[in-house]
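See below for the structure under consideration.
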Amino acid sequence: MENVKILAVVGMSGSGKSVIVDHLTSKGYPKVYFGGMIYKEMEKRGIVRTEDGESEKKFREMIRETEGKDWVVRQVIAEAKDLISAGQKRIVLDGVYSWTEYCILKHEFPRCLNFVAVVVDKSLRYGRVANRPGRSFDATAIRERDRSEIENLEKGGPIAAADYYILNNGTIAEATARTDEILKEIEF
């Protein structure tokens, strides 16, 4: 794994993770999407995704309970290793959820992995989620989602332990400029 670098993007719903990941993939970096592992497995089992995200949430919690908290990250590691075997030297991981996943990734890729947390003031984040096309939540629903992700999925740990932070209270251009600074700093 010589000269391989992996960048894991973490953050709460509405923080702007997708904006950052889209910026990275527009530069040609392949991504491995944690949620995609859930979607693939739901499809394989014939479970329909609901608009409100409830079926995904229940399935995500169920698979972690029945297959282990490391189920998703094991799928992600396999896909990342496939990319590395195919010659990729720079890989983006999109959507690390739990402290368990964080620890396993740090163990699996000890010298080539950096975590970037995308953070934003809560009121701004809630406003973005409320106005998000196709996946909007009202204030009660987003508070419940936050609670569930923090309590059931240990999502706060990877954000708190990130190597770098992008404060996304401003424009997309400001957030992507900060991303580019980080890329330069870590020679990504």
Side-chain angles (χ1 to χ4, degrees), residues 6-25 29-86 88 91-109 113 115-120 125-126 128-130 132-138 140-162:
I6 300 171
L7 192 63
V9 181
V10 299
M12 297 300 288
S13 180
S15 63
K17 292 182 307 294
S18 295
V19 168
I20 301 308
V21 170
D22 289 349
H23 178 65
L24 294 166
T25 58
Y29 303 123
K31 79 172 179 179
V32 181
Y33 178 44
F34 277 67
M37 304 303 155
I38 295 293
Y39 301 152
K40 284 182 209 173
E41 191 65 21
M42 286 176 72
E43 187 176 316
K44 202 187 298 185
R45 296 180 186 205
I47 299 170
V48 176
R49 289 174 56 193
T50 56
E51 266 188 49
D52 64 2
E54 194 60 28
S55 65
E56 174 193 337
K57 174 189 165 204
K58 286 179 181 175
F59 185 79
R60 187 174 56 238
E61 290 178 5
M62 179 280 298
I63 197 103
R64 281 182 164 93
E65 189 173 307
T66 61
E67 303 293 328
K69 288 182 177 184
D70 64 344
W71 183 86
V72 172
V73 77
R74 284 183 286 146
Q75 313 310 307
V76 167
I77 288 168
E79 196 168 308
K81 285 184 173 182
D82 286 347
L83 287 167
I84 293 165
S85 293
Q88 290 293 332
I91 299 168
V92 176
L93 302 183
D94 178 7
V96 178
Y97 271 86
S98 73
W99 182 248
T100 299
E101 292 168 346
Y102 173 91
C103 292
I104 291 169
L105 287 167
K106 281 292 196 179
H107 180 264
E108 192 68 36
F109 303 111
L113 175 67
F115 277 79
V116 174
V118 184
V119 295
V120 63
R125 185 168 64 83
Y126 281 15
R128 288 177 181 168
V129 172
R132 186 163 54 189
R135 297 181 348 196
S136 63
F137 289 89
D138 64 21
T140 303
I142 191 62
R143 278 193 299 273
E144 173 55 26
R145 183 174 178 162
D146 282 358
R147 186 206 58 75
S148 176
E149 288 182 348
I150 291 167
E151 290 179 9
N152 300 335
L153 300 175
E154 313 163 324
K155 196 170 187 181
I159 297 168

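Note that the structure is a prediction, hence the values are computed from the model and not measured.
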Glu101 and Val96 have their tightest heavy-atom pair at OE1-C, 3.7 Å
d(Arg125 CZ, Ile142 CD1) to nearest 0.5 Å is 5.5 Å
* So do the side chains of Tyr126 and Asp146 get within less than 4.5 Å of each other, counting heavy atoms only? -> yes
Heavy atoms of Pro158 and Tyr97 approach each other most closely as CG-O, 4.2 Å
Within a strict 4.5 Å, meaning less than it, do heavy atoms of the Arg45 and Ile63 side chains meet? yes
For Lys57 and Ser148, the nearest pair of non-hydrogen atoms, with its separation, is CE-OG, 3.3 Å
Taking every heavy atom of Ala80 against every heavy atom of Phe109, the minimum-distance pair comes out as CB-CZ, 4.2 Å
*Test Glu61 against Glu65 for side-chain contact (heavy atoms from CB on, under 4.5 Å), laying out the working first.*
CA-CA 6 Å; Glu61 290 178 5; Glu65 189 173 307; over 6 Å; no
Is it the case that Thr100 and Arg64 place a side-chain donor and acceptor less than 3.5 Å from each other? no
In this structure, CG of Leu7 is separated from CG of Asp94 (nearest 0.5 Å) by 10.5 Å
Taken to the nearest 0.5 Å, the spacing of Ile150 CD1 from Ile159 CD1 works out to 7.5 Å
- Item | Contact check, side chains of Glu41 and Phe59, non-hydrogen atoms, under 4.5 Å | yes
Checklist line | Sub-4.5 Å side-chain heavy-atom contact between Lys58 and Met62 | finding: no
CZ of Arg147 to NZ of Lys155, rounded to nearest 0.5 Å, is 14.0 Å
Heavy-atom nearest pair, Val129 first then Gly14, reads CG2-CA, 3.4 Å
With sequence neighbours left out, the residues meeting side chain to side chain donor-acceptor pair (under 3.5 Å) with Lys69 are Glu154
Exercise. Under the 3.5 angstrom rule, does the side chain of Glu56 hit a backbone N or O of Gly53 as a donor-acceptor pair?
Worked result: no
* Asked: So do the side chains of Glu79 and Met37 get within less than 4.5 Å of each other, counting heavy atoms only?
  -> yes
Applying ring pair (Phe, Tyr, Trp, His ring centres under 6.0 Å) to Tyr29 and not counting sequence neighbours gives Phe188
message: Can you confirm whether Glu144 is buried at CD, in the sense that more than 12 heavy atoms of other residues, nucleotides or ligands lie under 6.0 Å from that atom?
response: yes
Of Leu83, Leu113, Leu24, the one forming a side-chain contact (heavy atoms from CB on, under 4.5 Å) with Ile91 is Leu83
Between Ser55 and Met42, the two heavy atoms sitting closest are OG-CE, 3.6 Å
If you count every heavy atom of other residues, nucleotides or ligands that lies below 6.0 Å from Glu54 atom CD, does the total exceed 12?
yes
Sequence neighbours excluded, the answer for ring pair (Phe, Tyr, Trp, His ring centres under 6.0 Å) partners of Phe115 is Tyr102
Is any side-chain heavy atom of Thr140 less than 4.5 Å from a side-chain heavy atom of Arg143? yes
